[in-house]
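Note that the structure is predicted; figures quoted are calculated from it, not measured. Numbering of ligands and ligand atoms starts at 1, following listing order.
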Amino acid sequence: MARKCTATINLSAIKKNYLYVKSLAPKSKVIAVVKANGYGHGAIKVASVLESNADILGVASIEEAIELRESEINKTPILLMEGIFEESELALIEKHNLIPTICNSLQLKWILNCHKFIKPVNVFIKYDSGMGRLGFQDDEFISAINSLEQSKNINNITMMTHFSDADNLESDSTLAQIKDFENIANARKYDSSLANSAGVMEWSKSHKDYVRPGIMLYGSSPFSNKPHIDKLSPVMSLSSPLTSIKNFKAGQSIGYGNRYICKNDMKIGVVAIGYGDGYPRSAKDGTPVFINGVKTVIAGKVSMDMITIDLTNVPEPKIGDSVELFGDNVSVDEVAHCCNTISYEIFTQITQRVYKTYV
Ligand SMILES: *Cc1c(COP(=O)(O)O)cnc(C)c1O
């Protein structure tokens with residue numbers, strides 16, 4: 001490894017965050033969400049840590065599920081949270097112990113008309129309680145459940161819905177969604193699943209039979225206005241070495257577009273990470289980084305392979321010193337805030353060029 005641009009992933013922190021989920025929602029079973037390559041952390045590694053604890057693993061597509069199955073992740077059922085995209089996927093559901101979510105009338109038709117199951121399969125059925133995306137609305141939800149009940153293809157049914165604004169603690173829409181869901185679901189005897197991470201952490205009324213945490217397992221806060229949550233342990237630490245140190249006079253400019261102009265005489269360092277590694281180009285001047293025991297900031301536009309940082313007050317910087325972009329000392333949520341985005345996007349945009357190491 002020459003260019004040591006590295007994402008170090010702390011697997012015991014994932015376990016800790018999982019136990020925190022259990023402590024918040026002790027009566028609920030857990031669907032650990034590992035979609036999008038485990039939020040960029042490596043789905044196979046994350047799943048291998050969680051599969052003995054979690055009741056179900058949650059992914060976005062059958063490709064993601066089969067990748068896990070082919071890597072010996074065989075202990076737990078895997079929930080396809082958007083269901084299947086093509087009828088041909090039905091044949092793989094039993095083989096791989098997958099649970100499809102039924103989100104629309106075509107998926108419903110496919111599963112009802114399928115004659116290939118040896119044993120009836122478990123399904124989730126999605127209700128749209130206000131997200132306005134996937135799932136059945138009111139009467140269609142009821143008639144979809146009725147048709148699943150009458151089908152010999154179906155074993156257990158679990159009812160699920162997804163929140164649109166659970167990270168907003170000022171909004172009453174989450175309570176409205178819970179109420180709406182309960183109005184339609186409480187008359188039925190089936191299990192249900194509502195909570196994402198924000199629901200697990202702040203909306204205890206959403207703790208039903210299953211909770212579905214994602215981002216909190218990776219140690220990041222689902223709340224943009226509450227970036228520091230002591231009980232969550234950061235999982236990914238992104239770091240890269242310093243590759244240049246130079247002094248500049250007041251008035252000199254740094255980087256593309258001359259965005260940063262030195263206000264005083266300054267020492268500027270170059271770090272080997274850029275948007276080609278997934279570090280956001282939207283990072284503004286002042287985005288924090290951590291080096292030699294202190295926090296300092298980005299000065300100048302992010303390039304494809306490099307960023308420039310202010311070293312003026314950093315003790316004894318040397319070429320090769322490791323710079324933390326986020327991790328234990330700079331929270332990913334702080335960085336996300338400076339990039340006008342959310343940690344979910346930062347994690348999932350880390351590219352192949354970044355080495356991943358697991359501790
Ligand atoms: C991604 C996802 C989750 C997890 O959301 P977090 O905010 O990361 O906790 C839960 N449920 C569904 C349906 C999802 O798509």
Table please: side-chain donor-acceptor pairs of residues 246-257 below 3.5 Å, with sequence neighbours left out.
{"unit_1": "Q252", "atom_1": "OE1", "unit_2": "K249", "atom_2": "N", "d": "2.6"}
{"unit_1": "S253", "atom_1": "OG", "unit_2": "N258", "atom_2": "OD1", "d": "3.2"}

Acceptor/donor pairs from residues 303-314 side chains to any protein atom, 3.5 angstrom cut, sequence neighbours excluded:
{"unit_1": "D305", "atom_1": "OD1", "unit_2": "R353", "atom_2": "NH1", "d": "3.0"}
{"unit_1": "D305", "atom_1": "OD1", "unit_2": "R353", "atom_2": "NH2", "d": "3.0"}
{"unit_1": "T308", "atom_1": "OG1", "unit_2": "A299", "atom_2": "O", "d": "2.5"}
{"unit_1": "D310", "atom_1": "OD1", "unit_2": "T312", "atom_2": "N", "d": "2.8"}
{"unit_1": "D310", "atom_1": "OD1", "unit_2": "T312", "atom_2": "OG1", "d": "2.5"}
{"unit_1": "T312", "atom_1": "OG1", "unit_2": "K267", "atom_2": "N", "d": "3.1"}

- With sequence neighbours excluded, residues passing ring pair (Phe, Tyr, Trp, His ring centres under 6.0 Å) with F181: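 Counting only residues at least two positions away or on another chain, F181 forms no ring pair (Phe, Tyr, Trp, His ring centres under 6.0 Å).
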
- Beyond-backbone contact of T6 with S240, side-chain heavy atoms, under 4.5 angstrom: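 T6 does not reach S240 side chain to side chain.
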
- Message: With heavy-atom distances below 4.5 Å as the criterion, would you say the side chains of M216 and Y20 are in contact?
- Response: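 M216 reaches Y20 side chain to side chain.
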
- Message: Between H96 (side chain only) and I93 (backbone N and O only), is there a donor and an acceptor less than 3.5 Å apart?
- Response: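 Not a single qualifying donor-acceptor pair exists.
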
- Query: Hey, which residues fall under 4.0 Å of ligand 1 on heavy atoms?
  - Reply: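 Protein residues near ligand 1 are V33, K35, Y39, M81, M160, H162, N196, S197, R212, P213, G214, I215, Y344.
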
